[in-house]
Each structure stands twice: as C-alpha cells, then as structure tokens.
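In what follows, a single structure is set out as structure tokens and then discussed.
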Amino acid sequence: RSDDSIVRRSAGSTRFVRRSRGYVPVPVFLNKNVGQILACGAELKNTICMTKKNMAFLSQHIGDLENVATDDFFQLTIRHMKRILELEPEIIAHDMHPDYLSTRWALEQTGIEKVPVQHHHAHIASAMAENKINGPVIGLAFDGTGYGSDHAIWGGEILVADEKSFSRAAHFDYVPMPGGAAAIRQPWRMAVSYLQAAFGERLSDLELPLFKTVGQDRLGFILQMIGKGVNSPLTSSLGRLFDGVAAIAGLRNEVVYEGQAAMELEMSAGDAAVKPYDYEWLEADALKILTAPIIRGVADDVISGETILVISARFHLTLIRLFADLCGRVRKQSGFERVVLSGGVFQNSILLKGLRHALEEKSFTVYTHSLVPANDGGICLGQAVIAAAKTS
C-alpha cells in the first residue's frame, strides 16, 4: 500500500507534507558512506529509513502507530524494504520515547545494536542530511510533541547540534498540559494553562469570550488539575502555543484532526502592517522563553475587540522577531552562522518564509527541508544519520 504524496509550495520551494507515492523508494543521497542502519521513525506520520553506502531509503507514509493494523504494516514495511534493498541492518535507531510502538519493536529485537535518539535532535539531523551539511549548527526544532531528555514534552527548542550530540540553547518555559493528550484534542485547555501562567489570580477578572464558551465548571476543573499537577505533563511545545492562542482568539476550542487550530490561525493572518507583541526570555544555562508577555498581548487584543486578522498577524510576527533575535544571541555565544529549521510547525508558510528572511537579513545561512517532510515523516532520516555518527 502507498498513500498519495502531499506537497505544498512554500517559501519559494515545493515541500513535502507527506512523501509517499511517486517519490518512494528514490533515495536521499548522503555526503558520506554509512553502514546498514534501520531507523524506526516516530509515532505520528511514521516512516522508516534504511541506509546503504551513501543512500538513505525512506519508506512510504506508514501512518500513526496507534493501533494494531498500523503496527502490523510498520513491521511488514521493514520486512519488505529489507528484501527489496537486499540489506540486513547492523544497527537499529529509535526514538527515546519508551511507549512508542516503534520504540517497543526496536527494543524487542535481539542480537543487534540499538541507538536511542532524541526526537528534536533527529529533526535537525534530518534537515542537515538532506542539505548535505555537517554540524555544528543552530537548530530550530518546532513541533507539537517530542519526548525530551528531561522526560518533559518538548517542541519549542533551539539546539546547538551536530550529528553526534546536541545541547539545548533555548526553549519555551514549561506550562502544564491539563489532561495530557486531551489538551491536544481540546485547545481550550492549553489556552487556560497559558492564561493561568500569564495572569495567575487575575485570571478570573478577564472578560474573555473563551470563558463563557467553556463554562465556569469546566474552567474550574482544569484550573484544579493545573494547580494540583494531576495528569498535567509539562510542555515547551510551540505547537501547543499555537493551539492556545487560536483558542484564546476564539478560532477553535476543539479539533478533529491534527494541527487544525494552528492551520486555521495561519490562514486567518492578515497582511496589514502590525507591531509584534512583547517578548522576553530569561538568562539561564538554556535561555527560557516566556510565553506570558505574548499571551497577555493576545488577551488584551481579544478583550479590546481586535480582529483575528490582526491578532494572528501580530502573533506570527512576534515569533519571527523573537527567534531571529534569539539566534543572534546564540551566535554571540557559539560563533555559529548556520541555522537549520525543522519540525512540523515549519509547515506554516508565514513562519517559514518570514523567519528565513529575518535570519538571512542578520547574515545567517539558513537550511530547510525540501526532500523529506519537516514533520515527523522525515525524522527517521535524522535518526539514521545520528546512529551512524554515534557508532562510527
């Protein structure tokens, strides 16, 4: 089986959302020979990768590994690719998340070396591989969910990385995800979490339409979950920030497919000249980006009756200015001039185009995806490259 491929014209290039029919199994050529490696990919939008000499063969889109049927197809695809490529992997690379079905399968294999790879490091290495560059680089890895090395949920990360290792240069400050996965399906939960972090006890004084829609009972319940830390894992995800802003702005409180709220926020942005919201970060070993100033600005605009076109445009511009400034800050410390952009949030054309332009104006060299998806559909390539570097 092979699903249709999906591409989108964005920031001057044709970019993959899903790489499948018509493009598989055309290899991605690497800048050096590597051993025979099987990379098992992530949980969502899963693909696998097998390497042979200087070629990386990504499978067709397998899907979200959340049920038996897809897990069966995942294993079938591994057997099929081993047969048609005539290779027997010497190393298995897998995500660090212990509960991914792809990770569980990898750990069950015997007599073969296994290499765990952090999710966002794999994103950056994937973009490095398809652009045939070696590290170190400044890597911006933005997505919805990825298992962090501190066991929190990452997704708004600036890394300094090469193929073997990475360090976290900056990230969004953590906020709770009340209900865990339920907060992904119901962005209003993330909105409440961000608002609570921004306003604290003054939250009840806000005259936001969101609160009337949600109702005092559900609002109180979520605030109790956050306050007591019940089923509320911490996240630094930019994807969740998009969800929260979309809900505060009144766009969408619940989603029926992944990324719906964020996509609607992107599509709502006007092109009139606007000013960014305030933004701030705290100096630490890894710079902590505060969401509170941005959320306060969005809430003030909503309360004053500003249009969604302006709110969305200001939010996107804020992110562009913020991350361009942060990359400049990281460059002063590291001296690195190359920036790599990866992760599903970079399917957002406004952010991709605007941030690339802002970085190039600051004399950075910027690398993006065009051969494999920026989302988790391309992460197996990065896993394979990292495993090769760690075991060479």
Side-chain angles (χ1 to χ4, degrees), residues 1-3 5 16 18-42 45-63 65 71 73-95 100-103 105-119 121-135 161-165 340 342 367 369-392:
R1 137 187 147 201
S2 185
D3 292 84
S5 295
F16 285 99
R18 177 191 295 163
R19 185 178 184 270
S20 195
R21 187 192 308 274
Y23 296 95
V24 174
V26 176
V28 175
F29 289 94
L30 307 176
N31 59 5
K32 62 180 180 180
N33 289 343
V34 299
Q36 297 189 6
I37 299 169
L38 163 62
C40 296
K45 297 171 286 294
N46 180 269
T47 60
I48 65 166
C49 176
M50 291 189 182
T51 59
K52 187 175 186 179
K53 297 182 179 179
N54 71 330
M55 296 174 287
F57 297 90
L58 276 70
S59 74
Q60 73 272 45
H61 172 79
I62 294 172
L65 292 180
D71 186 43
F73 184 55
F74 164 79
Q75 296 183 43
L76 172 64
T77 302
I78 292 173
R79 295 192 298 271
H80 176 66
M81 288 187 66
K82 285 167 63 175
R83 184 175 67 253
I84 65 171
L85 297 175
E86 296 182 340
L87 62 82
E88 189 61 42
E90 304 156 346
I91 298 164
I92 295 179
H94 60 84
D95 196 276
Y100 282 1
L101 293 181
S102 56
T103 301
W105 179 88
L107 295 177
E108 289 169 358
Q109 308 311 301
T110 58
I112 187 169
E113 184 175 1
K114 306 176 189 74
V115 179
V117 178
Q118 199 280 323
H119 189 93
H121 186 201
H123 268 306
I124 300 305
S126 174
M128 290 169 62
E130 74 159 73
N131 285 285
K132 295 186 174 63
I133 62 170
N134 297 318
D162 59 21
E163 295 88 336
K164 282 189 177 181
S165 62
V340 172
S342 188
Y367 297 91
H369 285 280
S370 60
L371 300 181
V372 302
N375 61 42
D376 284 3
I379 211 168
C380 60
L381 175 61
Q383 290 175 343
V385 168
I386 292 168
K390 286 187 173 183
T391 57
S392 60

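A donor-acceptor pair is defined here as one N or O able to donate and one able to accept, closer than 3.5 Å; such a pair exists between the side chain of Glu130 and the backbone of Ser370. A donor-acceptor contact shorter than 3.5 Å links the side chain of His121 to the backbone of Asp162. Judged by distance alone, the side chain of Ser5 and the main-chain N or O of Ser20 form a donor-acceptor pair under 3.5 Å. No side-chain donor-acceptor contact under 3.5 Å links Arg19 to the backbone of Val372. A donor-acceptor pair under 3.5 Å links the side-chain atoms of Thr51 to the main chain of Ile37, judged by distance alone. At least one donor-acceptor pair closer than 3.5 Å links the side chain of Gln383 to the backbone N or O of Gly41. Using modelled atom types, one side-chain atom of Asn46 and one backbone atom of Cys40 make a donor-acceptor pair closer than 3.5 Å. Side chain of Asn54 to main chain of Lys32: no donor-acceptor pair is present (N/O by atom type, distance under 3.5 Å, no hydrogens or angles). With hydrogens and angles ignored, the 3.5 Å screen pairs no side-chain donor or acceptor of Ser126 with any backbone N or O of Ala374. Checked by atom type and distance alone, the side chain of Lys52 never pairs as donor or acceptor with a backbone atom of Leu87 at under 3.5 Å.
Residues Leu58 and Val24 are not in side-chain contact: their nearest non-hydrogen atoms beyond the backbone lie 4.5 Å or more apart. Under the 4.5 Å side-chain criterion, counting only non-hydrogen atoms from C-beta, Ser102 is not in contact with His94. Residues Pro373 and Lys45 are not in side-chain contact: their nearest non-hydrogen atoms beyond the backbone lie 4.5 Å or more apart. Contact of the Leu101 side chain with the Phe74 side chain is not registered, since no non-hydrogen atoms from C-beta on lie closer than 4.5 Å. In this structure, the side chains of Leu38 and Ile112 stay at 4.5 Å or more apart for every pair of heavy atoms.
Partners of Lys82 by salt bridge (charged side-chain N to carboxylate O under 4.0 Å, His left out), not counting sequence neighbours, listed by chain and number: Glu88. Applying the salt bridge (charged side-chain N to carboxylate O under 4.0 Å, His left out) criterion to Glu108, with sequence neighbours excluded, gives no partner residue. Partners of Gln60 under the side chain to side chain donor-acceptor pair (under 3.5 Å) rule, at least two apart in sequence or in another chain, do not exist in this structure.
Atom-to-atom distance recorded for Arg18:CZ and His61:NE2 is 4.0 Å, nearest 0.5 angstrom. From Thr103, atom OG1 reaches atom CD1 of Ile92 across 11.0 Å, with rounding to the nearest 0.5 Å. For the atom pair NZ of Lys132 and CG of Leu30, the computed distance is 7.5 Å after rounding to the nearest 0.5 Å. Separation of atoms CD1 (Ile124) and OG (Ser342) is listed at 5.0 Å; rounding is to 0.5 Å. How far CG of Asn134 is from NZ of Lys164: 11.5 Å, rounded to the nearest 0.5 Å.
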side-chain contact (heavy atoms from CB on, under 4.5 Å) evaluation trace for Leu381 with Leu371: CA-CA 11 Å; Leu381 175 61; Leu371 300 181; over 6 Å; no

Ile78 and Trp105: side-chain contact (heavy atoms from CB on, under 4.5 Å), yes or no, with the steps? CA-CA 11 Å; Ile78 292 173; Trp105 179 88; 3.7 Å; yes

Determine whether Ile62 and Leu76 satisfy the following criterion, side-chain contact (heavy atoms from CB on, under 4.5 Å), listing intermediate values before the conclusion. CA-CA 10 Å; Ile62 294 172; Leu76 172 64; over 6 Å; no

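In the displayed structure, Lys114 atom NZ is contacted under 6.0 Å by more than 12 heavy atoms of other residues, nucleotides or ligands.
Pairing each heavy atom of Pro27 with each of Phe57, the nearest pair is CB-CE2, 3.7 Å.
The closest side-chain donor-acceptor pair between His123 and Asp376 falls under 3.5 angstrom.
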